[in-house]
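Okay, structure first, notes after.
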Amino acid sequence: MTCWETINAYAFRAIGFGERQLPSTDFTLCQQFTLIGSGMIWNIYFGLISLLTGFFLATLLALGKGSENPVIRKPSEWFIFVFRGSPLFIQFFFGYFLFLSLKSQYSFFDPFTSAWLGAAVVLFLNTSAYSAEIFYGALQAIPRGDVDAADAYGLAGWKRFRRIIWPTSLRLAWPAYTNEAIFLFHSTTLVFFSGFPASQQMGDALYYASYFADKTFNPFIPYPILAMYFILMTLTIIGIFGIVNLRLNRHLPNDRRGRMKFRMQVIR
Amino acid sequence: MCADPDTLSSFWWMTCYLTTGKHLGLYWAFGTVLLLLAITAPAALMFGFGGAMAARSNFLPLQWFGKAYMSIVRGVPDIAFFLFFVIALDQAFEWTRHKVLCPDWDQPIRQGNDFVVCDAAKLPLSTAPQYIHEIYGFALAVLTFAIVFGAFAASVLYGGMRAVPRGQIETAEAYGMSHRQSFRRILVPQMWVYALPGLSNLWMVLIKATPLLFLLGVPDIVYWAKELGGTKTPQFTSFPHGDWRMWYFLFLLVFYLAFTKVSEVVLDRLMKRLTHGQATTGGEAQRRAQV
């Protein structure tokens, strides 16, 4: 099989197109590159979907945590505490088995036991909690003067939030949120190692990398390939978030712009 | 008393159920997790210290090595490192032993999809008792954790060292201390307070990473929770039950929440004590509050 044929056969193997049978002997570099790259589809899918949906819940939770009403504040605090205080790995397991027992009661939960929905829900809740903590911190850090200025202009309520508070907090939170996005994408690799089954060997990048490592008993090829893909993805995220950061800061003079500094906040 | 579970009331049934031999395995596994933490935390700190020192070195290749070590975990998921190091370390050890112990072996070590070393070089030896295999597996896991978390710790400690005010070092030099002396007597004692927020964050992360032991093949709490929670039929056990895995994992979730909460409280206290009298914003705030 030439490399071009391999790419044709396996490029979309992770989502069920192309050759059904995974290569089982005489592994070539090309096969490893193609299949691990194909697995990245899942990582990108999980990362994107939970990041996009999580953003909204995170904003609500951050507002909730900052609220003066304990009926709103307490549940938000607990939600954030539960998801930030426990390992994502255990959350995946618990989520999977929870969906499994719900499924036996209500057929509505059927799709939740497969990774594409169930794991996405867990990741969505998890990233919401982490981002909410970031947004909450940013909301607390809004300069008093900005709010005063808004008041002076007669802005109040929703308008004040929409025009002043929200954009400012987003601008303050953005570097940390970029970091969160990077590690969210990294943690998508846990999905297929934590209960959620990979049906018909359709798994993510790490799933295929460990498949090759197990078969060839040589970890020195598949894992560096995986690392390369993830470094590329990290750079892409930094690039995209950097563009957004520029836009969020475009009204500020150069020296007052929020710098993108990357701190590690590492695994969950 | 637990001999005939059918006759027991539900309370006693539960008590008997929770003290079966396999459940003792689960409780034992909590010990494994704590042991892992107790060994890994200082080991990672040592690796981190080494890495940070290497990154500060004036010798260029060493500096590159330190910087590369610190940055490996930035772009790549850590779980990939876990899966990688467990095999790679094992093979590295066996390869080294093979070279030393069987110098006259003429076949290649990598034969297609196999990794072949002579019998004497196998780790652990195939004749070794079961517990040696378990200890070896655990030791590999500890080393893997220490390497990965050492990289995190290195970057925290490196930041801590850089945060110590330049004037402190200059004063040390003015007193005629050598580079080494000022490092040991001035820099290291002072860097902890700057590094502590990062290190306590790291400790939380380390706690939350312990379930990954499961991926490294050590029978840890995740393994037992899966094992014990699964549906049990009356044929194989006198304590049959349905699929209880959800409850077992809920228990683990609560365990980790409690663990991180307790750590948080303890670390906060420690931070308060360490900031006391330091020339930092935190120390200054404490001083003001006392006046």
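Only this structure's heavy atoms are used, side chains among them; waters, hydrogens and symmetry mates stay out. Numbered from 1 within each chain, the chains take letters A, B, ... in sequence-line order.
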key: Spacing of CZ belonging to A/Phe220 relative to CZ belonging to B/Phe84, to within rounding of 0.5 Å   = 5.0 Å
key: A/Phe27, part contacting chain B, at a heavy-atom distance under 4.5 Å   = side chain
key: chain B contact via A/Phe193 - side chain, backbone, both or neither, heavy atoms under 4.5 Å   = both
task = Before giving the answer on ring-ring contact (aromatic ring centres under 6.0 Å, His included), spell out for B/Phe81 and A/Tyr223 the whole-Å C-alpha distance, their side-chain angles and the decisive distance to 0.1 Å.
result = CA-CA 8 Å; B/Phe81 279 105; A/Tyr223 288 119; 9.1 Å; no
key: B/Phe214 versus chain A, the contacting section by heavy-atom distance below 4.5 Å   = side chain
note = Interface check, chain B: of A/Asn218, A/Thr188, A/Leu226, most non-hydrogen pairs under 4.5 Å belong to A/Asn218
key: Part of A/Ile231 within contact of chain B (heavy atom distance under 4.5 Å)   = both
inquiry  = Could you measure the distance from the OG1 atom of B/Thr210 to the CD1 atom of A/Ile90? Nearest 0.5 Å is fine.
reply    = 7.5 Å
Under 4.5 Å from a heavy atom of chain B, the part of A/Ala209 involved = neither
query = Do A/Tyr96 and B/Arg245 have side-chain heavy atoms sitting under 4.5 Å apart?
reply = no
inquiry  = Quick check on B/Leu215 against chain A: is it the side chain, the backbone, both or neither that has a heavy atom closer than 4.5 Å?
reply    = side chain
inquiry  = For A/Leu235, which atoms come within 4.5 Å of any heavy atom of chain B: side chain, backbone, both, or neither?
reply    = neither
Proximity breakdown for A/Leu98 and chain B, heavy-atom pairs closer than 4.5 Å = both
remark   = So CZ of A/Phe93 and CG of B/Leu253: to nearest 0.5 Å the spacing works out to 12.5 Å
message = What part of A/Thr189 gets within 4.5 angstrom of chain B, counting heavy atoms only: side chain, backbone, both, or neither?
response = both
